[in-house]
Amino acid sequence: MAKRDYYEILGISKGASAAEIKKAYRKKAIEFHPDKNPDDKQAEANFKEAAEAYEVLSDDNKKARYDQYGHQAFENGGGFGGGGMNMDDIFSQFGDIFGGGFGGGFSGFGGGGGQRRVKGSNLRIRVKLTLEEIANGVEKKVKVKRKVQAPGTTYKTCSTCNGSGQVTRIANTILGRMQTSSPCNVCGGAGQTIDKKPSDADAQGLKVAEETVSIKIPAGVVDGMQLKVSGKGNEAPGNGISGDLIVVIEEETHEKLQREGDNLHYDLYVSFPEAVLGTSKEIDTVTGKVRIKVEAGVQSGKILRLRGKGIPSINGYGKGDLLVHVNVWTPKTLNKQQKDFFESMQDDDHFSPKPESSDKSFFEKVKDMFS
Ligand SMILES: [Zn+2]
């Protein structure tokens, strides 16, 4: 579906001033507001379309790009992607459009009509985890600075809307007298305003407090994954509900182990004599060190698979493996005696390569691994 021109959506000309753009958006937002058009999908689509147009045209930078390139300016991840904006985004970004009170800086809606359920904003933190912590699951305690209701803050029923969160107006239009309702400008739809607040609280009766939050991280998480701790974001004023704490997982690089999905890879180096004579080696795993046997006559490139020594699946089904890659270390320099020894073996048939099926090429082994 072709996107409509942003100016056309808001019903303004290209030369419109910032104030005109805002006014036009406010008009559209009120016209298509979900509270006024319950269960009307077309109105909701129009509402979102207007919000998107305003988001671009109210930002000097985005507006300049749009004026020059049109919708193409935002097609490569610069705009809204394919999904468009959701209602929470719209209310949190454009709270100011809907008036003061609790509206600015808070998002969320409690369904069509009636009182708006004010929600505190979400907080985001990054948590660094070692591979061992990821493999075993861990409980992390983090210090979070979150807005909480300042002690001593009291709320009262909004006198403008009598606590309903809505104001109803009778307007004379060409179609006759129409009753319209919109979110209360004074309380932002929450139905409550501040009665008393301590001097160190902000306009919403909140203040920043540091709190230690305990986060249970399940085994098998992946770098970049986001976990939600409900209710540990910023608190909302009055009887609103707290936002969430979004925890972004960051995986620390391990000195010895490389992760690939749920499998782990380990590069094992053995000396030339160890490869010839066989040896045992201690290697790191995510559950501690283990000793593994390296058979005499091992070939460089051999992969030893330790089943279940990888990372548990985040879905709870089984565990990955630890794949130990054997690398035979060939000396780069030799002394006279060593050189004489290898030279004397050069024509010895016993040293000439005779690969068997168990000495498959690397590529065949890789094929095996994923089959
Ligand atoms: Zn009110």
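Every number for a ligand or one of its atoms is a count from 1 in the order of the listing.
- We find that Asp223 and Lys128 are not joined by a salt bridge, their nearest charged nitrogen and carboxylate oxygen being 4.0 Å or further apart.
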Hey, mind stepping through Leu129 and Glu251 against side-chain contact (heavy atoms from CB on, under 4.5 Å) and telling me if it holds?
-> CA-CA 5 Å; Leu129 299 175; Glu251 179 183 314; 5.9 Å; no

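- In this structure, Tyr7 and Tyr66 have tilted ring planes: the angle between them lies in the 30° to 60° band.
- Between His325 and His265, the two ring planes are tilted [angle within 30° to 60°].
- Annotation: Tyr6 is not in aromatic contact with Tyr25 [ring centroid separation under 6.0 Å not met].
- Using a 4.0 Å cut-off between charged side-chain N and carboxylate O, Glu44 and Lys48 make a salt bridge.
- Taking a cut-off of 2.8 Å, the protein N, O or S atoms nearer than that to the Zn ion (ligand 1) are Cys158 SG, Cys161 SG, Cys184 SG, Cys187 SG.
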